[in-house]
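Working notes for the structure below.
Sequence lines set the chain letters: A, B, ... in the order given, protein chains first and strands last, and positions in each chain run from 1. Every heavy atom of this structure was used, including side-chain atoms; hydrogens, water molecules and symmetry mates were not.
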There are 2 protein chains.
Amino acid sequence: MKEIPADRESLADQVYESIRDAIILGELIPGSLHSMYHFAAELHVSRTPVREALIKLADQGMVRFERNRGIRILLTTIHDLEEIFSLRLLLEVPATFRATDQFVASDRRQLRQALDALNELRPEDPKSSARDHLECDARFHRVIMKASGNQRLANFIDTLRDLQQVRGASTVGVTRDFQDVYQDHLDIYERITAGDAAGAAAAMKNHIALTARLLLAQEAGDVGSAPRFDLSWLDMFTANNVSAPQAPPRL
Amino acid sequence: MKEIPADRESLADQVYESIRDAIILGELIPGSLHSMYHFAAELHVSRTPVREALIKLADQGMVRFERNRGIRILLTTIHDLEEIFSLRLLLEVPATFRATDQFVASDRRQLRQALDALNELRPEDPKSSARDHLECDARFHRVIMKASGNQRLANFIDTLRDLQQVRGASTVGVTRDFQDVYQDHLDIYERITAGDAAGAAAAMKNHIALTARLLLAQEAGDVGSAPRFDLSWLDMFTANNVSAPQAPPRL
DNA sequence: TTCCAGAGTGTAGCATGCGACGTGTGACGT
DNA sequence: ACGTCACACGTCGCATGCTACACTCTGGAA
(Lines give C-alpha, C1' and ligand atoms only; values in the text may rest on other atoms or scores of the structure.)
Protein backbone atom coordinates (compact mmCIF):
# COMPACT_ATOMS: atom_id res chain seq x y z
CA MET A 1 0.00 0.00 0.00
CA LYS A 2 1.28 3.43 -0.90
CA GLU A 3 2.50 5.69 1.90
CA ILE A 4 0.82 8.95 2.76
CA PRO A 5 2.67 11.99 1.40
CA ALA A 6 3.05 15.01 3.65
CA ASP A 7 1.32 17.65 1.54
CA ARG A 8 -1.76 19.62 2.47
CA GLU A 9 -4.93 17.69 1.85
CA SER A 10 -7.30 16.08 4.28
CA LEU A 11 -5.60 13.01 5.74
CA ALA A 12 -8.87 11.12 5.58
CA ASP A 13 -9.11 11.80 1.84
CA GLN A 14 -5.58 10.57 1.25
CA VAL A 15 -6.25 7.43 3.26
CA TYR A 16 -9.45 6.93 1.27
CA GLU A 17 -7.57 7.07 -2.00
CA SER A 18 -4.82 4.81 -0.73
CA ILE A 19 -7.15 2.08 0.46
CA ARG A 20 -9.44 2.40 -2.56
CA ASP A 21 -6.49 2.05 -4.93
CA ALA A 22 -5.15 -0.86 -2.92
CA ILE A 23 -8.47 -2.64 -3.29
CA ILE A 24 -8.70 -1.88 -7.00
CA LEU A 25 -5.12 -3.01 -7.56
CA GLY A 26 -5.92 -6.25 -5.80
CA GLU A 27 -3.44 -5.70 -2.98
CA LEU A 28 -6.29 -6.24 -0.54
CA ILE A 29 -7.85 -9.60 -1.27
CA PRO A 30 -11.67 -9.61 -1.48
CA GLY A 31 -13.08 -11.56 1.43
CA SER A 32 -10.12 -10.87 3.69
CA LEU A 33 -10.51 -9.25 7.11
CA HIS A 34 -8.46 -6.31 8.34
CA SER A 35 -8.42 -3.95 11.32
CA MET A 36 -8.28 -0.19 11.60
CA TYR A 37 -5.12 -0.58 13.68
CA HIS A 38 -3.51 -2.42 10.79
CA PHE A 39 -4.35 0.28 8.25
CA ALA A 40 -3.36 3.07 10.66
CA ALA A 41 0.05 1.53 11.31
CA GLU A 42 0.62 0.80 7.64
CA LEU A 43 -0.16 4.37 6.60
CA HIS A 44 1.44 6.04 9.65
CA VAL A 45 -1.70 7.84 10.69
CA SER A 46 -4.11 7.44 13.57
CA ARG A 47 -7.27 5.35 13.48
CA THR A 48 -9.55 8.35 13.05
CA PRO A 49 -8.85 9.23 9.40
CA VAL A 50 -8.72 5.52 8.61
CA ARG A 51 -12.17 5.05 10.06
CA GLU A 52 -13.55 8.00 8.12
CA ALA A 53 -12.10 6.68 4.89
CA LEU A 54 -13.51 3.21 5.53
CA ILE A 55 -16.97 4.66 6.17
CA LYS A 56 -16.92 6.18 2.69
CA LEU A 57 -15.75 2.92 1.17
CA ALA A 58 -18.49 1.06 3.05
CA ASP A 59 -21.09 3.45 1.62
CA GLN A 60 -19.84 2.64 -1.86
CA GLY A 61 -20.03 -1.06 -1.18
CA MET A 62 -16.31 -1.81 -1.39
CA VAL A 63 -15.90 -2.88 2.26
CA ARG A 64 -18.17 -3.87 5.12
CA PHE A 65 -17.82 -3.16 8.84
CA GLU A 66 -18.20 -6.23 11.03
CA ARG A 67 -18.68 -5.10 14.61
CA ASN A 68 -15.80 -6.07 16.90
CA ARG A 69 -14.36 -8.23 14.15
CA GLY A 70 -12.83 -6.01 11.54
CA ILE A 71 -13.29 -4.67 8.03
CA ARG A 72 -14.18 -7.13 5.31
CA ILE A 73 -13.03 -6.42 1.76
CA LEU A 74 -16.00 -7.13 -0.48
CA LEU A 75 -16.01 -8.82 -3.85
CA THR A 76 -17.99 -7.28 -6.66
CA THR A 77 -20.36 -10.08 -7.59
CA ILE A 78 -21.86 -10.94 -10.95
CA HIS A 79 -25.14 -9.46 -9.81
CA ASP A 80 -23.30 -6.28 -8.87
CA LEU A 81 -21.91 -6.13 -12.38
CA GLU A 82 -25.42 -6.49 -13.78
CA GLU A 83 -26.60 -3.59 -11.66
CA ILE A 84 -23.59 -1.51 -12.60
CA PHE A 85 -23.93 -2.02 -16.33
CA SER A 86 -27.68 -1.45 -16.24
CA LEU A 87 -27.06 1.89 -14.58
CA ARG A 88 -24.23 2.78 -16.92
CA LEU A 89 -26.38 2.12 -19.95
CA LEU A 90 -29.28 4.08 -18.54
CA LEU A 91 -27.12 7.08 -17.65
CA GLU A 92 -24.09 7.24 -19.92
CA VAL A 93 -26.00 6.96 -23.19
CA PRO A 94 -28.26 9.96 -22.55
CA ALA A 95 -25.34 11.82 -20.97
CA THR A 96 -23.31 11.31 -24.15
CA PHE A 97 -26.18 12.71 -26.18
CA ARG A 98 -26.40 15.73 -23.92
CA ALA A 99 -22.64 16.22 -23.77
CA THR A 100 -22.36 16.36 -27.55
CA ASP A 101 -24.65 19.37 -27.68
CA GLN A 102 -22.68 21.15 -24.96
CA PHE A 103 -19.14 20.21 -25.93
CA VAL A 104 -16.63 23.06 -25.76
CA ALA A 105 -13.03 23.34 -26.91
CA SER A 106 -11.48 22.36 -23.58
CA ASP A 107 -13.67 19.26 -23.39
CA ARG A 108 -12.57 18.28 -26.87
CA ARG A 109 -8.92 18.74 -25.95
CA GLN A 110 -9.23 16.60 -22.84
CA LEU A 111 -11.15 13.92 -24.68
CA ARG A 112 -8.49 13.83 -27.41
CA GLN A 113 -5.82 13.46 -24.75
CA ALA A 114 -7.59 10.53 -23.15
CA LEU A 115 -8.13 8.94 -26.54
CA ASP A 116 -4.46 9.28 -27.45
CA ALA A 117 -3.42 7.78 -24.13
CA LEU A 118 -5.69 4.86 -24.89
CA ASN A 119 -4.08 4.45 -28.30
CA GLU A 120 -0.55 4.53 -26.97
CA LEU A 121 -1.15 1.61 -24.63
CA ARG A 122 0.43 -1.60 -25.73
CA PRO A 123 0.11 -4.99 -24.06
CA GLU A 124 3.80 -5.31 -23.27
CA ASP A 125 3.27 -5.94 -19.58
CA PRO A 126 0.00 -7.87 -19.47
CA LYS A 127 -0.68 -7.26 -15.79
CA SER A 128 -0.11 -3.54 -15.56
CA SER A 129 -1.45 -2.80 -19.02
CA ALA A 130 -4.88 -4.09 -18.13
CA ARG A 131 -4.94 -1.76 -15.13
CA ASP A 132 -3.60 1.14 -17.16
CA HIS A 133 -6.23 0.47 -19.74
CA LEU A 134 -9.03 0.59 -17.19
CA GLU A 135 -7.63 3.89 -15.95
CA CYS A 136 -7.46 5.49 -19.40
CA ASP A 137 -10.88 4.14 -20.25
CA ALA A 138 -12.24 5.75 -17.08
CA ARG A 139 -10.64 9.09 -17.97
CA PHE A 140 -12.22 9.08 -21.41
CA HIS A 141 -15.68 8.42 -20.05
CA ARG A 142 -15.29 10.93 -17.22
CA VAL A 143 -14.62 13.78 -19.64
CA ILE A 144 -17.88 13.04 -21.43
CA MET A 145 -19.89 12.66 -18.24
CA LYS A 146 -18.63 15.99 -16.91
CA ALA A 147 -19.43 17.66 -20.22
CA SER A 148 -23.02 16.51 -19.88
CA GLY A 149 -23.40 19.17 -17.21
CA ASN A 150 -24.77 16.81 -14.57
CA GLN A 151 -22.22 16.65 -11.79
CA ARG A 152 -24.14 14.10 -9.74
CA LEU A 153 -24.37 11.80 -12.71
CA ALA A 154 -20.62 12.05 -13.30
CA ASN A 155 -19.81 11.31 -9.66
CA PHE A 156 -22.19 8.38 -9.52
CA ILE A 157 -20.72 6.84 -12.65
CA ASP A 158 -17.28 7.23 -11.10
CA THR A 159 -18.21 5.17 -8.07
CA LEU A 160 -19.77 2.55 -10.31
CA ARG A 161 -16.57 2.29 -12.32
CA ASP A 162 -14.54 1.90 -9.13
CA LEU A 163 -16.69 -1.05 -8.16
CA GLN A 164 -16.31 -2.49 -11.63
CA GLN A 165 -12.55 -2.21 -11.32
CA VAL A 166 -12.58 -4.02 -7.99
CA ARG A 167 -13.65 -7.02 -9.96
CA GLY A 168 -10.53 -6.30 -11.96
CA ALA A 169 -12.26 -7.59 -15.00
CA SER A 170 -11.33 -6.41 -18.44
CA THR A 171 -12.32 -7.68 -21.83
CA VAL A 172 -9.02 -6.46 -23.24
CA GLY A 173 -6.76 -9.32 -24.03
CA VAL A 174 -9.47 -11.86 -23.34
CA THR A 175 -12.36 -11.48 -25.70
CA ARG A 176 -11.19 -8.31 -27.42
CA ASP A 177 -7.83 -6.73 -28.12
CA PHE A 178 -6.65 -3.15 -27.60
CA GLN A 179 -7.43 -2.15 -31.14
CA ASP A 180 -11.09 -3.13 -30.95
CA VAL A 181 -11.64 -1.12 -27.80
CA TYR A 182 -9.73 1.82 -29.22
CA GLN A 183 -11.95 1.73 -32.28
CA ASP A 184 -15.05 1.89 -30.06
CA HIS A 185 -13.76 5.01 -28.39
CA LEU A 186 -12.62 6.55 -31.64
CA ASP A 187 -16.15 6.15 -32.98
CA ILE A 188 -17.54 7.95 -29.97
CA TYR A 189 -14.93 10.69 -30.20
CA GLU A 190 -15.55 11.35 -33.87
CA ARG A 191 -19.31 11.51 -33.53
CA ILE A 192 -19.11 13.84 -30.55
CA THR A 193 -16.70 16.22 -32.25
CA ALA A 194 -18.86 16.07 -35.37
CA GLY A 195 -21.78 17.25 -33.28
CA ASP A 196 -23.75 14.09 -34.08
CA ALA A 197 -25.47 13.66 -30.72
CA ALA A 198 -27.70 10.74 -31.71
CA GLY A 199 -24.77 8.99 -33.35
CA ALA A 200 -22.54 9.53 -30.34
CA ALA A 201 -25.19 8.18 -28.02
CA ALA A 202 -25.68 5.15 -30.25
CA ALA A 203 -21.94 4.55 -30.36
CA MET A 204 -21.73 4.79 -26.58
CA LYS A 205 -24.65 2.41 -26.26
CA ASN A 206 -23.01 -0.14 -28.50
CA HIS A 207 -19.71 0.23 -26.66
CA ILE A 208 -21.14 -0.29 -23.18
CA ALA A 209 -23.58 -2.99 -24.24
CA LEU A 210 -20.84 -4.97 -25.96
CA THR A 211 -18.52 -4.64 -22.99
CA ALA A 212 -21.31 -5.71 -20.65
CA ARG A 213 -22.22 -8.78 -22.69
CA LEU A 214 -18.64 -9.96 -23.09
CA LEU A 215 -17.67 -9.23 -19.51
CA LEU A 216 -20.71 -10.86 -17.93
CA ALA A 217 -20.37 -13.97 -20.05
CA GLN A 218 -16.64 -14.11 -19.37
CA GLU A 219 -16.88 -13.61 -15.62
CA ALA A 220 -19.87 -15.91 -15.20
CA GLY A 221 -17.95 -18.56 -17.06
CA ASP A 222 -15.17 -18.35 -14.51
CA VAL A 223 -17.38 -19.63 -11.75
CA GLY A 224 -19.19 -22.17 -13.85
CA SER A 225 -22.67 -21.19 -12.83
CA ALA A 226 -23.82 -18.98 -15.65
CA PRO A 227 -27.37 -17.75 -15.35
CA ARG A 228 -28.42 -16.01 -18.52
CA PHE A 229 -28.18 -12.24 -18.43
CA ASP A 230 -30.83 -10.22 -20.06
CA LEU A 231 -30.00 -6.59 -20.59
CA SER A 232 -32.07 -6.40 -23.76
CA TRP A 233 -35.03 -4.82 -21.98
CA LEU A 234 -32.86 -1.73 -21.61
CA ASP A 235 -32.97 -1.23 -25.36
CA MET A 236 -36.10 0.84 -25.39
CA PHE A 237 -34.69 3.21 -22.80
CA THR A 238 -31.44 3.88 -24.60
CA ALA A 239 -32.86 5.44 -27.71
CA ASN A 240 -32.91 2.48 -30.05
CA ASN A 241 -35.11 4.64 -32.22
CA VAL A 242 -32.53 7.32 -32.94
CA SER A 243 -31.31 7.58 -36.48
CA ALA A 244 -28.04 5.75 -36.31
CA PRO A 245 -26.61 2.88 -38.30
CA GLN A 246 -27.73 -0.41 -36.81
CA ALA A 247 -24.30 -1.87 -37.27
CA PRO A 248 -21.74 0.81 -36.45
CA PRO A 249 -18.93 1.02 -39.00
CA ARG A 250 -15.87 -1.04 -38.23
CA LEU A 251 -12.64 -1.03 -40.14
CA MET B 1 -34.07 18.40 16.80
CA LYS B 2 -35.19 15.00 18.02
CA GLU B 3 -33.26 13.41 20.88
CA ILE B 4 -31.34 10.19 20.46
CA PRO B 5 -33.22 7.15 21.81
CA ALA B 6 -31.28 4.64 23.85
CA ASP B 7 -31.85 1.51 21.77
CA ARG B 8 -29.22 -0.55 20.01
CA GLU B 9 -28.16 0.91 16.68
CA SER B 10 -25.01 2.67 15.68
CA LEU B 11 -24.99 6.09 17.32
CA ALA B 12 -23.57 7.61 14.18
CA ASP B 13 -26.51 6.28 12.16
CA GLN B 14 -29.01 7.70 14.62
CA VAL B 15 -27.28 11.06 14.55
CA TYR B 16 -27.28 10.91 10.76
CA GLU B 17 -31.02 10.39 10.67
CA SER B 18 -31.65 13.07 13.26
CA ILE B 19 -29.68 15.74 11.44
CA ARG B 20 -30.97 14.70 8.02
CA ASP B 21 -34.56 14.90 9.22
CA ALA B 22 -33.87 18.22 10.89
CA ILE B 23 -32.58 19.60 7.60
CA ILE B 24 -35.50 18.18 5.64
CA LEU B 25 -38.00 19.51 8.15
CA GLY B 26 -36.43 22.92 7.85
CA GLU B 27 -35.30 23.10 11.47
CA LEU B 28 -31.80 23.79 10.24
CA ILE B 29 -31.92 26.83 8.00
CA PRO B 30 -30.05 26.46 4.69
CA GLY B 31 -27.06 28.77 4.65
CA SER B 32 -26.67 28.74 8.43
CA LEU B 33 -23.42 27.72 10.13
CA HIS B 34 -23.17 25.23 12.97
CA SER B 35 -20.45 23.45 14.93
CA MET B 36 -19.92 19.82 15.82
CA TYR B 37 -19.88 20.85 19.49
CA HIS B 38 -23.35 22.30 19.06
CA PHE B 39 -24.79 19.13 17.50
CA ALA B 40 -23.03 16.92 20.04
CA ALA B 41 -24.44 18.85 22.99
CA GLU B 42 -27.89 18.98 21.45
CA LEU B 43 -28.01 15.21 20.88
CA HIS B 44 -26.11 14.28 24.07
CA VAL B 45 -23.38 12.38 22.26
CA SER B 46 -19.71 13.07 21.63
CA ARG B 47 -18.33 14.79 18.57
CA THR B 48 -17.19 11.56 16.93
CA PRO B 49 -20.56 10.13 15.81
CA VAL B 50 -21.65 13.66 14.89
CA ARG B 51 -18.64 14.05 12.65
CA GLU B 52 -19.25 10.70 10.98
CA ALA B 53 -22.87 11.56 10.32
CA LEU B 54 -21.92 14.94 8.88
CA ILE B 55 -19.39 13.31 6.56
CA LYS B 56 -22.18 11.23 5.05
CA LEU B 57 -24.40 14.26 4.72
CA ALA B 58 -21.57 16.16 3.08
CA ASP B 59 -21.13 13.34 0.56
CA GLN B 60 -24.79 13.63 -0.33
CA GLY B 61 -24.49 17.37 -0.76
CA MET B 62 -26.73 18.41 2.13
CA VAL B 63 -24.00 20.13 4.17
CA ARG B 64 -20.48 21.41 3.57
CA PHE B 65 -17.47 21.39 5.88
CA GLU B 66 -15.73 24.74 6.17
CA ARG B 67 -12.38 24.22 7.81
CA ASN B 68 -12.07 25.87 11.22
CA ARG B 69 -15.37 27.67 10.62
CA GLY B 70 -18.15 25.14 10.98
CA ILE B 71 -20.69 23.15 9.03
CA ARG B 72 -22.78 24.99 6.47
CA ILE B 73 -26.29 23.77 5.73
CA LEU B 74 -26.66 23.80 1.96
CA LEU B 75 -29.64 24.86 -0.08
CA THR B 76 -30.79 22.67 -2.93
CA THR B 77 -30.56 25.02 -5.87
CA ILE B 78 -32.67 25.15 -9.01
CA HIS B 79 -29.79 23.59 -10.91
CA ASP B 80 -29.69 20.79 -8.35
CA LEU B 81 -33.38 20.17 -8.98
CA GLU B 82 -32.69 19.97 -12.70
CA GLU B 83 -30.00 17.37 -12.11
CA ILE B 84 -32.22 15.45 -9.72
CA PHE B 85 -35.22 15.29 -12.02
CA SER B 86 -33.08 14.39 -15.01
CA LEU B 87 -31.69 11.44 -13.09
CA ARG B 88 -35.09 10.45 -11.75
CA LEU B 89 -36.55 10.38 -15.26
CA LEU B 90 -33.61 8.41 -16.62
CA LEU B 91 -33.75 5.83 -13.83
CA GLU B 92 -37.26 5.58 -12.44
CA VAL B 93 -39.01 5.12 -15.77
CA PRO B 94 -36.98 2.06 -16.83
CA ALA B 95 -37.05 0.78 -13.26
CA THR B 96 -40.84 0.94 -13.28
CA PHE B 97 -40.88 -1.04 -16.50
CA ARG B 98 -38.59 -3.64 -15.01
CA ALA B 99 -40.43 -3.75 -11.70
CA THR B 100 -43.74 -4.50 -13.37
CA ASP B 101 -42.33 -7.70 -14.85
CA GLN B 102 -40.94 -8.79 -11.50
CA PHE B 103 -43.74 -7.69 -9.19
CA VAL B 104 -44.67 -10.22 -6.51
CA ALA B 105 -47.53 -10.37 -4.02
CA SER B 106 -45.65 -8.68 -1.19
CA ASP B 107 -44.62 -5.83 -3.46
CA ARG B 108 -48.21 -5.36 -4.49
CA ARG B 109 -49.37 -5.31 -0.88
CA GLN B 110 -46.79 -2.69 0.11
CA LEU B 111 -47.58 -0.57 -2.90
CA ARG B 112 -51.28 -0.68 -2.11
CA GLN B 113 -50.51 0.38 1.45
CA ALA B 114 -48.48 3.36 0.29
CA LEU B 115 -51.20 4.29 -2.18
CA ASP B 116 -53.90 4.16 0.49
CA ALA B 117 -51.78 6.29 2.81
CA LEU B 118 -51.51 8.82 0.02
CA ASN B 119 -55.26 8.79 -0.46
CA GLU B 120 -56.05 9.27 3.19
CA LEU B 121 -54.02 12.45 3.41
CA ARG B 122 -56.09 15.57 3.64
CA PRO B 123 -54.83 19.14 3.66
CA GLU B 124 -56.15 19.94 7.10
CA ASP B 125 -52.84 21.18 8.48
CA PRO B 126 -51.19 22.75 5.43
CA LYS B 127 -47.68 22.72 6.85
CA SER B 128 -47.44 19.16 8.08
CA SER B 129 -49.56 17.73 5.29
CA ALA B 130 -47.08 18.82 2.67
CA ARG B 131 -44.32 17.03 4.56
CA ASP B 132 -46.47 13.98 5.13
CA HIS B 133 -47.30 13.94 1.48
CA LEU B 134 -43.64 13.99 0.47
CA GLU B 135 -43.03 11.09 2.83
CA CYS B 136 -45.88 8.97 1.48
CA ASP B 137 -44.88 9.82 -2.07
CA ALA B 138 -41.36 8.65 -1.29
CA ARG B 139 -42.63 5.38 0.16
CA PHE B 140 -44.69 4.65 -2.94
CA HIS B 141 -41.75 5.20 -5.25
CA ARG B 142 -39.36 3.26 -3.04
CA VAL B 143 -41.48 0.12 -3.24
CA ILE B 144 -41.32 0.22 -7.03
CA MET B 145 -37.59 0.93 -7.13
CA LYS B 146 -36.84 -1.99 -4.82
CA ALA B 147 -39.03 -4.25 -6.91
CA SER B 148 -36.92 -3.39 -9.95
CA GLY B 149 -34.25 -5.60 -8.44
CA ASN B 150 -31.52 -2.97 -8.63
CA GLN B 151 -30.57 -2.07 -5.07
CA ARG B 152 -28.05 0.58 -6.06
CA LEU B 153 -30.63 2.32 -8.18
CA ALA B 154 -33.11 2.32 -5.29
CA ASN B 155 -30.56 3.73 -2.85
CA PHE B 156 -29.45 6.42 -5.29
CA ILE B 157 -33.03 7.53 -5.91
CA ASP B 158 -33.52 7.73 -2.16
CA THR B 159 -30.66 10.19 -1.71
CA LEU B 160 -31.95 12.23 -4.63
CA ARG B 161 -35.38 12.44 -3.03
CA ASP B 162 -33.82 13.56 0.26
CA LEU B 163 -32.14 16.42 -1.53
CA GLN B 164 -35.39 17.28 -3.26
CA GLN B 165 -37.12 17.39 0.11
CA VAL B 166 -34.47 19.74 1.50
CA ARG B 167 -35.85 22.24 -0.93
CA GLY B 168 -39.13 21.47 0.78
CA ALA B 169 -40.90 22.12 -2.45
CA SER B 170 -44.14 20.43 -3.28
CA THR B 171 -46.56 20.99 -6.08
CA VAL B 172 -49.39 19.88 -3.85
CA GLY B 173 -51.55 22.76 -2.85
CA VAL B 174 -49.75 25.13 -5.18
CA THR B 175 -50.17 24.06 -8.78
CA ARG B 176 -51.93 20.76 -8.14
CA ASP B 177 -54.16 19.42 -5.42
CA PHE B 178 -54.02 16.13 -3.56
CA GLN B 179 -56.49 14.46 -5.86
CA ASP B 180 -54.45 15.11 -9.01
CA VAL B 181 -51.31 13.61 -7.50
CA TYR B 182 -53.25 10.67 -6.13
CA GLN B 183 -54.66 10.03 -9.58
CA ASP B 184 -51.12 9.96 -11.00
CA HIS B 185 -50.11 7.29 -8.53
CA LEU B 186 -53.31 5.34 -8.98
CA ASP B 187 -52.59 5.17 -12.72
CA ILE B 188 -49.14 3.79 -12.02
CA TYR B 189 -50.47 1.30 -9.48
CA GLU B 190 -53.16 -0.03 -11.77
CA ARG B 191 -50.84 -0.48 -14.73
CA ILE B 192 -48.22 -2.22 -12.63
CA THR B 193 -50.71 -4.63 -11.08
CA ALA B 194 -52.21 -5.22 -14.52
CA GLY B 195 -48.77 -6.31 -15.69
CA ASP B 196 -48.68 -3.53 -18.29
CA ALA B 197 -44.98 -2.69 -18.09
CA ALA B 198 -44.90 -0.22 -20.95
CA GLY B 199 -48.00 1.51 -19.67
CA ALA B 200 -46.63 1.71 -16.14
CA ALA B 201 -43.38 3.18 -17.41
CA ALA B 202 -45.28 5.72 -19.48
CA ALA B 203 -47.43 6.65 -16.49
CA MET B 204 -44.34 7.08 -14.32
CA LYS B 205 -42.74 9.18 -17.02
CA ASN B 206 -45.73 11.47 -17.23
CA HIS B 207 -45.91 11.73 -13.45
CA ILE B 208 -42.29 12.69 -12.95
CA ALA B 209 -42.10 14.93 -15.99
CA LEU B 210 -45.21 16.84 -14.92
CA THR B 211 -43.92 17.23 -11.38
CA ALA B 212 -40.57 18.42 -12.68
CA ARG B 213 -42.09 20.99 -15.02
CA LEU B 214 -44.44 22.42 -12.43
CA LEU B 215 -41.90 22.41 -9.63
CA LEU B 216 -39.09 23.98 -11.64
CA ALA B 217 -41.35 26.71 -12.97
CA GLN B 218 -42.80 27.30 -9.52
CA GLU B 219 -39.46 27.43 -7.70
CA ALA B 220 -37.73 29.46 -10.36
CA GLY B 221 -40.59 31.93 -10.14
CA ASP B 222 -39.91 32.43 -6.46
CA VAL B 223 -36.55 33.97 -7.09
CA GLY B 224 -37.62 35.93 -10.13
CA SER B 225 -34.78 34.85 -12.37
CA ALA B 226 -36.28 32.07 -14.44
CA PRO B 227 -33.99 30.58 -17.06
CA ARG B 228 -35.90 28.21 -19.31
CA PHE B 229 -35.62 24.56 -18.40
CA ASP B 230 -35.39 22.02 -21.13
CA LEU B 231 -35.94 18.44 -20.10
CA SER B 232 -37.47 17.54 -23.45
CA TRP B 233 -34.24 16.01 -24.73
CA LEU B 234 -34.81 13.25 -22.20
CA ASP B 235 -37.86 12.12 -24.16
CA MET B 236 -36.03 9.77 -26.45
CA PHE B 237 -34.39 8.02 -23.52
CA THR B 238 -37.56 7.37 -21.61
CA ALA B 239 -39.27 5.16 -24.13
CA ASN B 240 -41.46 7.65 -25.93
CA ASN B 241 -41.86 4.92 -28.51
CA VAL B 242 -43.60 2.42 -26.28
CA SER B 243 -47.18 1.62 -27.06
CA ALA B 244 -49.00 3.75 -24.55
CA PRO B 245 -51.75 6.31 -24.84
CA GLN B 246 -50.27 9.72 -25.55
CA ALA B 247 -52.68 11.33 -23.14
CA PRO B 248 -53.10 9.02 -20.17
CA PRO B 249 -56.73 8.58 -19.18
CA ARG B 250 -58.02 10.92 -16.52
CA LEU B 251 -61.35 10.67 -14.80
C1' DT C 1 -12.94 -39.08 22.49
C1' DT C 2 -16.22 -35.44 22.60
C1' DC C 3 -18.50 -31.62 24.38
C1' DC C 4 -18.91 -27.55 27.07
C1' DA C 5 -17.41 -23.68 29.66
C1' DG C 6 -14.62 -19.84 30.80
C1' DA C 7 -10.90 -16.86 30.32
C1' DG C 8 -7.98 -14.38 26.99
C1' DT C 9 -7.29 -11.77 22.81
C1' DG C 10 -8.33 -8.45 19.51
C1' DT C 11 -11.74 -5.44 17.51
C1' DA C 12 -15.08 -1.64 16.56
C1' DG C 13 -17.49 2.18 18.70
C1' DC C 14 -17.46 6.12 21.31
C1' DA C 15 -15.42 9.83 24.28
C1' DT C 16 -11.97 13.09 24.90
C1' DG C 17 -7.44 15.60 24.59
C1' DC C 18 -4.79 18.69 21.79
C1' DG C 19 -2.76 21.61 18.13
C1' DA C 20 -3.21 24.56 14.05
C1' DC C 21 -5.75 27.96 11.86
C1' DG C 22 -9.39 31.17 10.20
C1' DT C 23 -12.16 34.98 12.01
C1' DG C 24 -13.71 38.76 14.53
C1' DT C 25 -12.70 42.38 17.75
C1' DG C 26 -10.58 45.98 20.07
C1' DA C 27 -6.80 48.97 20.89
C1' DC C 28 -3.44 51.89 18.97
C1' DG C 29 -1.25 54.92 15.71
C1' DT C 30 -1.93 58.36 12.12
C1' DA D 1 -12.35 59.56 12.22
C1' DC D 2 -10.16 55.88 9.90
C1' DG D 3 -6.95 52.24 8.84
C1' DT D 4 -3.91 48.64 10.70
C1' DC D 5 -2.29 45.17 13.54
C1' DA D 6 -2.21 41.93 17.25
C1' DC D 7 -4.53 39.07 20.32
C1' DA D 8 -8.16 36.05 21.87
C1' DC D 9 -11.82 32.96 20.70
C1' DG D 10 -14.04 29.25 18.36
C1' DT D 11 -13.67 25.53 15.15
C1' DC D 12 -12.05 21.57 12.56
C1' DG D 13 -8.74 17.80 12.00
C1' DC D 14 -6.25 14.35 14.06
C1' DA D 15 -4.50 11.47 17.97
C1' DT D 16 -5.44 8.66 21.80
C1' DG D 17 -7.84 6.58 25.93
C1' DC D 18 -11.41 3.50 27.23
C1' DT D 19 -15.28 0.01 27.15
C1' DA D 20 -18.25 -3.58 25.56
C1' DC D 21 -18.36 -7.41 22.83
C1' DA D 22 -17.47 -11.28 19.35
C1' DC D 23 -14.49 -14.94 18.52
C1' DT D 24 -10.99 -18.44 19.81
C1' DC D 25 -8.51 -21.55 22.30
C1' DT D 26 -7.68 -24.31 26.05
C1' DG D 27 -8.65 -27.25 29.84
C1' DG D 28 -11.51 -30.22 32.22
C1' DA D 29 -15.50 -33.19 32.79
C1' DA D 30 -18.60 -36.75 30.95
Let me know the distance between CZ of B:Arg69 and P of C:dG22, rounded to the nearest Å. 11 Å

Nearest to side-chain heavy atoms of B:Phe65, which nucleotide of C:dC21, C:dA12, D:dG13: D:dG13

What's the CG-P distance between B:Asn68 and C:dA20, to the nearest Å? 12 Å

Any side-chain donor paired with an acceptor under 3.5 Å for B:Gln164 and B:Arg88? yes

I'd like to know if the side chain of B:Gln14 and the backbone of B:Glu9 have a donor-acceptor N/O pair within less than 3.5 Å. yes

Minimum-distance nucleotide to B:Arg67 side chain [options: D:dC12, C:dA12, C:dG13]: D:dC12

Whole angstrom value for the distance that separates C1' of C:dA12 from CG of A:Leu54: 11 Å

Within this structure, what is the CG-to-P distance between A:Leu33 and D:dT24, rounded to whole angstrom? 10 Å

Look for any protein N or O under 3.5 Å of an N or O in nucleotides 15-19 of chain D and output each such pair with its distance, or none.
unit_1: D:dA15; atom_1: OP2; unit_2: A:Ser46; atom_2: N; d: 2.7
unit_1: D:dA15; atom_1: OP2; unit_2: A:Ser46; atom_2: OG; d: 2.4
unit_1: D:dA15; atom_1: O5'; unit_2: A:Ser46; atom_2: OG; d: 3.2
unit_1: D:dA15; atom_1: N7; unit_2: A:Thr48; atom_2: OG1; d: 2.8
unit_1: D:dT16; atom_1: O4; unit_2: A:Thr48; atom_2: OG1; d: 3.3
unit_1: D:dG17; atom_1: O6; unit_2: A:Arg47; atom_2: NH2; d: 2.3

For B:Glu135, does the CD atom have more than 12 heavy-atom neighbours from other residues, nucleotides or ligands under 6.0 Å away? no

For the side chain of A:Asp101 and the backbone of A:Arg98, is there at least one donor-acceptor N/O pair under 3.5 Å apart? no

Please report, rounded to the nearest Å, how far the C1' atom of D:dG13 is from the CD atom of B:Glu52. 14 Å

In terms of side-chain heavy atoms of B:Ser10, which of C:dG10, C:dC21, C:dC14 is nearest? C:dC14

To the nearest angstrom, the CZ-C1' distance between A:Arg72 and D:dC23 comes to 12 Å

Quick one: do A:Arg20 and A:Asp13 make a salt bridge, cutoff under 4.0 Å? no

How close or far is atom P of C:dT11 from atom NE2 of A:His38, stated in whole angstroms? 10 Å

Return the minimal non-hydrogen interatomic distance between B:Thr76 and B:Arg167, and the atom names on each side. O-NH1, 2.7 Å

In whole angstrom, give the distance that lies between atom CZ of A:Arg64 and atom P of C:dT11. 17 Å

Keeping to residues at least two apart or across chains, list the side-chain hydrogen bond (donor to acceptor under 3.5 Å, both in side chains) pairs with something in residues 144-160 of chain B. A:Asp80-B:Arg152, A:Glu83-B:Arg152, B:Arg142-B:Asp158, B:Gln151-B:Asn155

